[in-house]
Amino acid sequence: QVQLVESGGGSLQAGGSLRLSCAYSGYTYCMAWFRQAPGKEREGVVGMASDGRKTTLGSVTGRFIISKDNAKSTLYLQMNNLKPEDSAMYYCAADAPTCYSDFAGYKSWGQGTQVTVSS
């Protein structure tokens with residue numbers, strides 16, 4: 001199983017930017033970011049395959065950018081122009097044979113990092 005540790009969450013005002021990090025150990029074809037707001041289902045944000053191909057998993061496009069530094073074994077999520085509706089617990093997911101949009105397709109999860117955006 002892939003070990004994942006997220007960091008970088010915080011509280012900020014709308015319009016700001018934040019970069020989340022996910023340190024990983026082990027091999028996985030796909031790594032992805034998901035988020036879950038209180039009372040809502042966990043939804044996919046964006047995924048990246050081991051060949052660098054990126055896949056949008058949900059409704060957020062353009063503002064969120066996924067990247068990976070293989071030398072540091074770290075996955076990133078750059079979030080720009082944040083909105084209050086982006087407030088959620090953000091999770092790093094891995095250990096999937098493809099970049100599924102359904103969270104059930106991933107076997108490994110980090111503990112999550114909270115992002116809170118105020119208006």
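Position 1 is the first residue of the sequence; numbering continues from there. Since this is a predicted model, take the numbers as computed values, not measurements.
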Participant: State plainly whether one hydrophobic cluster holds both Leu82 and Leu77, where clusters connect Ile, Leu, Val, Met, Phe, Trp and Tyr through side-chain heavy atoms under 4.5 angstrom apart.
Facilitator: yes

Participant: Give me the atom names and distance for the closest heavy-atom approach of Ala14 to Ser119.
Facilitator: CB-CA, 4.3 Å

Participant: Do the rings of Phe64 and Tyr90 sit parallel, tilted or perpendicular, given the 30° and 60° boundaries?
Facilitator: tilted

Participant: Can you check side chain to side chain donor-acceptor pair (under 3.5 Å) on Asp69 and Thr74, steps first, answer last?
Facilitator: CA-CA 5 Å; Asp69 186 332; Thr74 303; over 6 Å; no

Participant: Is there a side-chain contact between Tyr29 and Asp51 in this structure, where contact means two heavy atoms from C-beta onward sitting under 4.5 Å apart?
Facilitator: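 A side-chain contact exists here, since the closest heavy-atom pair is under 4.5 Å.
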
Participant: Is there a donor-acceptor pair under 3.5 Å between the side chain of Glu6 and the backbone N or O of Cys92?
Facilitator: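 Between the backbone of Cys92 and the side chain of Glu6 there is a qualifying donor-acceptor contact (under 3.5 Å).
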
Participant: Return the minimal non-hydrogen interatomic distance between Ala37 and Ala88, and the atom names on each side.
Facilitator: N-CB, 3.8 Å

Participant: I'd like to know if Val46 and Val60 are part of one continuous hydrophobic network [Ile/Leu/Val/Met/Phe/Trp/Tyr, side-chain heavy atoms within less than 4.5 Å].
Facilitator: yes

Participant: Measure the NZ-CD distance between Lys40 and Glu85 for me, rounded to the nearest 0.5 Å.
Facilitator: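 Going from the NZ atom of Lys40 to the CD atom of Glu85 covers 8.5 Å.
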
Participant: Is a side-chain N or O of Arg63 found less than 3.5 angstrom from the main chain of Asn81, in a donor-acceptor match?
Facilitator: yes

Participant: For a 4.5 angstrom cut-off between non-hydrogen side-chain atoms, does Glu43 reach Phe34?
Facilitator: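 Contact flag for Glu43/Phe34 side chains = no.
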
Participant: Is there a donor-acceptor pair under 3.5 Å between the side chain of Ser17 and the backbone N or O of Asn80?
Facilitator: no

Participant: Taking it one step at a time, do Met31 and Met48 satisfy side chain to side chain contact (heavy atoms under 4.5 Å, CB included)?
Facilitator: CA-CA 5 Å; Met31 295 192 69; Met48 175 178 274; 5.6 Å; no

Participant: Are Asp95 and Thr28 close enough that a side-chain donor and a side-chain acceptor fall under 3.5 Å?
Facilitator: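 Per modelled atom types, Asp95 and Thr28 side chains form no pair under 3.5 Å.
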
Participant: Quick check: is Leu75 connected to Val2 through a chain of hydrophobic side chains (ILVMFWY, heavy atoms under 4.5 Å apart)?
Facilitator: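 Result: yes, single cluster for both.
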
Participant: Can you name the nearest heavy-atom pair linking Val5 to Gln111, along with the distance?
Facilitator: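 For Val5 and Gln111, the tightest heavy-atom pair comes out as CA-OE1, 3.8 Å.
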
Participant: Can you see which heavy atom on Ala32 is nearest to which on Tyr106, and at what distance?
Facilitator: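 Heavy atoms of Ala32 and Tyr106 come nearest at CB-OH, 3.7 Å.
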
Participant: Determine whether Arg35 and Asp86 make a side-chain contact, defined as any pair of heavy atoms from C-beta on separated by less than 4.5 Å.
Facilitator: yes

Participant: If you apply the rule side chain to side chain contact (heavy atoms under 4.5 Å, CB included), what do you find for Val117 with Gln13, and how did you get there?
Facilitator: CA-CA 5 Å; Val117 185; Gln13 291 190 329; over 6 Å; no

Participant: What I'd like to find out is whether the side chain of Gln1 reaches to under 4.5 Å of the side chain of Trp109, using heavy atoms alone.
Facilitator: no

Participant: Within the 4.5 Å heavy-atom criterion, are Leu18 and Leu12 side-chain neighbours or not?
Facilitator: yes

Participant: Return the minimal non-hydrogen interatomic distance between Ala96 and Gly105, and the atom names on each side.
Facilitator: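 The pair with the smallest heavy-atom distance is CB-O, 3.4 Å.
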
Participant: Working note: Trp33 + Ile66, criterion side chain to side chain contact (heavy atoms under 4.5 Å, CB included); need CA distance, chi angles, decisive distance, verdict.
Facilitator: CA-CA 8 Å; Trp33 288 99; Ile66 191 172; 3.8 Å; yes

Participant: Would you please name every residue forming a side-chain hydrogen bond (donor to acceptor under 3.5 Å, both in side chains) with Tyr91, sequence neighbours left out?
Facilitator: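 Listed in chain order: nothing, the list is empty.
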
Participant: Is a side-chain donor or acceptor of Thr113 paired with a backbone partner of Gly9 at a separation under 3.5 angstrom?
Facilitator: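 Yes, the answer is positive, given that a donor and an acceptor are paired below the 3.5 Å cut-off.
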
Participant: Decide side chain to side chain contact (heavy atoms under 4.5 Å, CB included) for Cys30 and Thr98; before the verdict, give the C-alpha distance in whole Å, the side-chain angles of both, and the deciding distance to 0.1 Å.
Facilitator: CA-CA 6 Å; Cys30 178; Thr98 189; 5.9 Å; no

Participant: Kindly compute the distance separating NZ (Lys68) from OG (Ser50), expressed to the nearest 0.5 Å.
Facilitator: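 Separation between the atoms: 6.0 Å.
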
Participant: Could you pull out the closest heavy-atom pair between Cys22 and Leu4, with the gap in Å?
Facilitator: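 So the two residues come closest at SG-CD2, 3.8 Å.
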
